[in-house]
Amino acid sequence: MMPDVGVGIGWRPEIADFVEDLPGLRFVEVVAEGISGRLPESLAGLRSRGVTVIPHGTRLSLGGAEPVAAERIESFRRAADLLSAPLVSEHIAFVRAGGVEAGHLLPLPRTREAVDAMVANVARVQAEVDLPIALEPIAAIFDWPDEEFTEPDFVTEILDRTGALLLLDVANVYANARNRGRDPLADLLRFPLDRIAYVHVAGGSVGPDAQGVYHDTHTDPVPPEVLALVADLCRQVRPPALLLERDGHYPPADILRDELDAIADSADRPRVTA
Amino acid sequence: MSSRPLAQAQAELVAALVGMAPDPAGFDRHRMAVARQALLHKRAGGVAVRWPYLVGCLGRDWHLGFATWATGRPTAGSLLDGWDFAEHLEAAGRLDDLARIELARHRACFSRSATGVMSRRGLRRGRSGRITVWCWGSRFVVRGGI
């Protein structure tokens with residue numbers, strides 16, 4: 001179970017000091033593949049203060065037709081162990097196929113075969129990692145042809161059959177709706193909101209291509225439209241936790257604090273910056 | 001599309017996205033091109049973190065230069081991508097002294113094998129052109145060049 005810990009931020013080595021200095025912080029997330037051997041001192045310090053740390057896998061490729069490698073599951077388990085995490089998270093996506101690394105999370109075809117692949121791989125993980133797992137639907141620049149499910153139905157089917165929880169990335173919902181020409185709020189409300197373990201919030205920007213495709217970069221400010229979706233979501237349900245994901249181009253500390261405050265205010269949760 | 005097994009369909013998609021094969025049937029060509037560019041941009045950013053002097057050497061040509069070289073070559077991770085690209089530029093005589101020091105230091109401090117990259121132990125030497133780097137532990141010394 002995800003404890004009720006409010007607003008948090010993705011821990012990254014580049015902003016470790018900033019994260020440690022947040023007075024009201026009670027939770028962070030860390031990329032699971034970055035944890036091996038001993039915990040970095042910064043994370044160990046956060047743990048000793050009672051901050052919840054969630055390992056977030058990015059390279060297990062649970063949606064791949066190939067069975068997830070045993071070594072990756074073992075590393076994931078060790079990370080969760082070192083962090084005494086209450087749950088783990090990964091993505092509804094794949095990252096490699098045919099012996100080639102894509103280098104990024106790729107969307108699955110929304111088919112029964114893909115559901116089966118996710119279910120099989122989640123089972124392999126759960127056999128070794130005795131913790132709840134939350135699965136995150138990703139932002140996709142393109143869709144597969146011939147889909148059998150809508151995205152919310154696809155996600156619900158996977159959660160039904162795996163017993164997994166939902167890591168709802170509001171920025172991804174926004175990006176996908178925008179790039180598909182759909183209403184973000186309508187799409188958001190079709191997800192199984194009662195299964196939310198926690199929420200991701202992130203920034204993005206429009207690329208230079210002719211269609212103006214929106215990219216979920218994690219290196220841009222969180223757009224007001226995404227904050228509005230957070231507010232809309234929190235009028236429907238009360239997520240235990242909401243995480244700001246920032247992966248680079250880190251702004252000055254006061255700007256980052258303002259972003260955390262904006263998320264807290266949108267979610268009607270206490271600010272962690274004071 | 002739905003008649004192909006998932007494994008094959010995923011392999012075809014990845015091959016297309018890294019520039020090794022044409023787009024599979026049914027995918028939006030424009031969106032696939034945008035996705036390919038986004039992947040290259042992300043990859044270039046990852047290499048830039050590990051190889052800052054290589055980036056400095058190319059300056060404003062960094063993203064385009066890396067993207068041109070990287071298209072059709074799947075990623076081996078930022079460390080190896082940068083290493084391979086640096087050697088490509090070295091062979092073309094396009095590395096400046098700082099980038100040579102960076103490459104020589106990697107050659108001194110790491111060994112490459114089929115399974116990846118490992119730190120080398122003890123006192124080791126790496127070269128690029130007239131520059132030699134001696135490395136032991138986390139320390140290194142540069143001879144030649146500048």
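Values in this document were obtained by computation on a predicted structure and should not be read as measured data. Order of the sequence lines fixes the chain letters, A, B, ..., with proteins taken first and strands second; residue numbering starts at 1 for each chain.
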Q) Is it true that a side-chain atom of Lys42(B) and a backbone atom of His104(A) form a donor plus acceptor pair closer than 3.5 Å? A) no

(Q) Please classify the contact between Val213(A) and chain B as side chain, backbone, both or neither, with a heavy-atom cut-off of under 4.5 Å. (A) side chain

Q) Tell me, side chain or backbone of Ala140(A) under 4.5 Å from chain B's heavy atoms, or both, or neither? A) neither

Q. Taking all atoms of both residues into account, what is the closest heavy-atom pair of Val14(B) and Ala97(A), and its distance?
A. CG2-CB, 3.9 Å

Q | Side chains of Arg96(A) and Gln10(B), donor plus acceptor under 3.5 Å | A | no

Q. Would you find more than 12 non-hydrogen atoms of other residues, nucleotides or ligands less than 6.0 Å from Arg112(B) atom CZ?
A. yes

Q: For Leu6(B) and Pro109(A), work out which heavy atoms get closest and say how close.
A: CD1-CG, 3.5 Å

Q.
Looking at every heavy atom in both Ile141(A) and Ala38(B), which two are closest together, and how far apart are they?
A. CD1-CB, 4.1 Å

Q.
Would His215(A) and Val34(B) count as a side-chain contact (heavy atoms from CB on, under 4.5 Å) here? Give the steps.
A. CA-CA 10 Å; His215(A) 296 255; Val34(B) 170; 3.6 Å; yes

Q) Should the heavy atoms of other residues, nucleotides or ligands under 6.0 Å from CZ of Arg94(B) be counted, would the total exceed 12? A) no

Q) CZ of Arg31(B) to CG of Asp209(A): how many Å apart, nearest 0.5 Å? A) 7.5 Å

Q: Side chain from CB out, backbone as N, CA, C, O: work out which of these in Asn179(A) comes under 4.5 Å of a heavy atom of chain B, or both, or neither.
A: both

Q: Give a yes or no on this: more than 12 heavy atoms of other residues, nucleotides or ligands lie within 6.0 Å of atom NE2 of His63(B).
A: yes

Q) At their closest point, which heavy atom of Pro145(A) faces which heavy atom of Ala25(B), and how far apart are they? A) CG-O, 3.9 Å

Q: Identify the heavy atoms of Pro74(B) and Val100(A) that sit nearest to each other, and give their distance.
A: CB-CG1, 3.6 Å

(Q) With a 6.0 Å cut-off (strictly less than), is the heavy-atom count around NE2 of His88(B), excluding the residue itself, greater than 12? (A) yes

**Q.** Greater than 12 external heavy atoms within 6.0 Å of Tyr53(B)'s OH
**A.** no

Q: Heavy atoms only: give me the nearest Ala210(A)-His30(B) pair and the separation to one decimal.
A: N-CE1, 3.9 Å

Q: Could you tell me whether Arg124(A) atom CZ has more than 12 heavy atoms of other residues or ligands within 6.0 Å of it?
A: yes

Q.
To the nearest 0.5 Å, what is the distance between CZ on Phe27(B) and CZ on Phe142(A)?
A. 6.0 Å

Q.
Under 4.5 Å from any heavy atom of chain B, what part of Arg112(A) do you find: side chain, backbone, both or neither?
A. neither

